[in-house]
Trainee: 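Below you'll find the structure I mean.
Within every chain, numbering begins at 1; the chains are lettered A, B, ... in the order of the sequence lines, protein sequences first and strands thereafter. All values below were derived from every heavy atom in this structure, side-chain atoms included, with hydrogens, water molecules and symmetry-related copies excluded. All values derive from a computational prediction rather than experimental measurement.
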Amino acid sequence: MRSKSTLNPTSAQMIDRHVGRVQTLSLAIEQCKDDAKKAAMITERERRMNEIKAYKATLDAL
Amino acid sequence: MATGDVIFFDQYLKDVQDGVHNQSSDTIKLGIVTNATVPAVTTADPRWGAGGTTNFSSNEVTPGGNYSTGGPTIGTTAVTLSGGAAVFDGDDISITQNASNPSGAYWGIIYNDTATGKNAIGYVELGGPVDLSAGDFSIAWNASGISSMDQA
């Protein structure tokens with residue numbers, strides 16, 4: 001069993017990770033029964049979505 | 001192996017079925033080690049500490065700066081079920097540059113800090129030697145999660 005991580009990723013390389021993490025967090029939030037942990041996941045998901053928006057704004061400005 | 005590869009120990013496949021790990025609630029950490037003991041998928045009973053056969057903590061890089069003993073925690077871990085696959089994911093790792101950060105880093109050992117035996121789960125190839133005092137260091141896990149187990 002294995003996976004592939006990226007060391008010291010660029011902003012562009014992070015986009016796929018941000019999108020994937022938002023998806024896994026959304027599922028985890030649905031399935032989570034611990035309120036404190038759910039709150040932490042929601043905060044992390046929000047952070048990732050803001051990163052995606054910021055990168056999109058950079059692209060739109062080109 | 002290539003830099004960034006995340007490999008899971010054979011022992012982990014047994015441990016997870018023996019109930020050693022609860023990766024949704026246990027504290028999972030990434031200990032960074034030198035090349036003194038090279039991890040392999042077949043490494044015998046790997047641990048972060050004594051109690052097994054292979055103790056990776058004895059080869060930990062010298063803690064300092066923004067790297068504390070035992071390594072950073074992989075935050076907000078969760079195991080989710082989707083489309084017949086159980087996906088384990090957590091926050092990415094980030095170690096900010098500091099002159100006292102360790103050098104000579106080769107591997108990241110993913111281990112369960114909550115488990116009594118500090119059982120190791122897998123390892124990451126860091127493309128060493130990496131000098132963590134020279135610049136910021138980060139690991140972005142795979143977009144699909146750190147690991148996935150399915151019916152195949």
Trainee: Taking B:Val41 as the starting point, is it possible to reach B:Val33 by hopping between hydrophobic residues whose side chains are less than 4.5 Å apart?
Mentor: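 Yes, because B:Val33 and B:Val41 connect within a single hydrophobic cluster, where side-chain heavy atoms sit under 4.5 Å apart.
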Trainee: Quick check: under 4.5 Å, non-hydrogen atoms only, which of residues 22-33 of chain A neighbour chain B?
Mentor: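 Against chain B, the residues of residues 22-33 of chain A that fall inside the cut-off (heavy atoms, under 4.5 Å) are A:Thr24, A:Leu25, A:Leu27, A:Ala28, A:Gln31.
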Trainee: List the steps, then state whether side chain to side chain contact (heavy atoms under 4.5 Å, CB included) holds for A:Asn8 with B:Asp136.
Mentor: CA-CA 8 Å; A:Asn8 302 319; B:Asp136 293 344; 5.9 Å; no
Trainee: How about residues 47-62 of chain A versus chain B: which residues have heavy atoms under 4.5 Å apart?
Mentor: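 Hits under 4.5 Å: A:Arg48.
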Trainee: Using the rule that two of Ile, Leu, Val, Met, Phe, Trp, Tyr join whenever any of their side-chain heavy atoms come within less than 4.5 Å, decide whether B:Ile74 and B:Met149 are in one cluster.
Mentor: yes
Trainee: Among residues 45-73 of chain B, which residues come closer than 4.5 Å to chain A, judged by heavy atom distances?
Mentor: none
Trainee: Can you say whether B:Tyr12 sits under 4.5 Å from chain A via the side chain, the backbone, both, or neither, judging by heavy atoms?
Mentor: side chain
Trainee: Between A:Lys4 and B:Trp141 (side chain of the first, backbone of the second, donor and acceptor by atom type, cut-off under 3.5 Å), is there such a pair?
Mentor: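 Checking the backbone N and O of B:Trp141 against the side chain of A:Lys4, no donor-acceptor pair under 3.5 Å is found.
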Trainee: Give me the contact list for residues 80-116 of chain B versus chain A, heavy atoms only, anything under 4.5 Å, ordered by residue number.
Mentor: B:Thr80, B:Leu81, B:Ser82, B:Val87, B:Asp89, B:Gly90, B:Asp91, B:Asp92
Trainee: At a heavy-atom distance under 4.5 Å, which candidate from A:Glu44, A:Gln13, A:Met14 has the highest pair count against chain B?
Mentor: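 When all of A:Glu44, A:Gln13, A:Met14 are compared, A:Glu44 has the most.
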Trainee: Considering all heavy atoms of both residues, which atom of B:Ala140 and which atom of A:Arg17 are nearest to each other, and what is their separation?
Mentor: CB-CG, 4.2 Å
Trainee: In terms of heavy-atom proximity below 4.5 Å to chain A, should B:Val79 be classed as side chain, backbone, both, or neither?
Mentor: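 It is the backbone, since no side chain atom gets that close.
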Trainee: If we define contacts as heavy-atom pairs under 4.5 Å, which of A:His18, A:Lys37, A:Met41 has the most with chain B?
Mentor: A:Lys37
Trainee: Given A:Ser5, which of B:Ile139, B:Asp5, B:Asn142 fulfils the side chain to side chain contact (heavy atoms under 4.5 Å, CB included) condition?
Mentor: B:Ile139
Trainee: Does A:Ser3 use its side chain to pair, donor to acceptor, with the backbone of B:Ile146 at less than 3.5 Å?
Mentor: yes
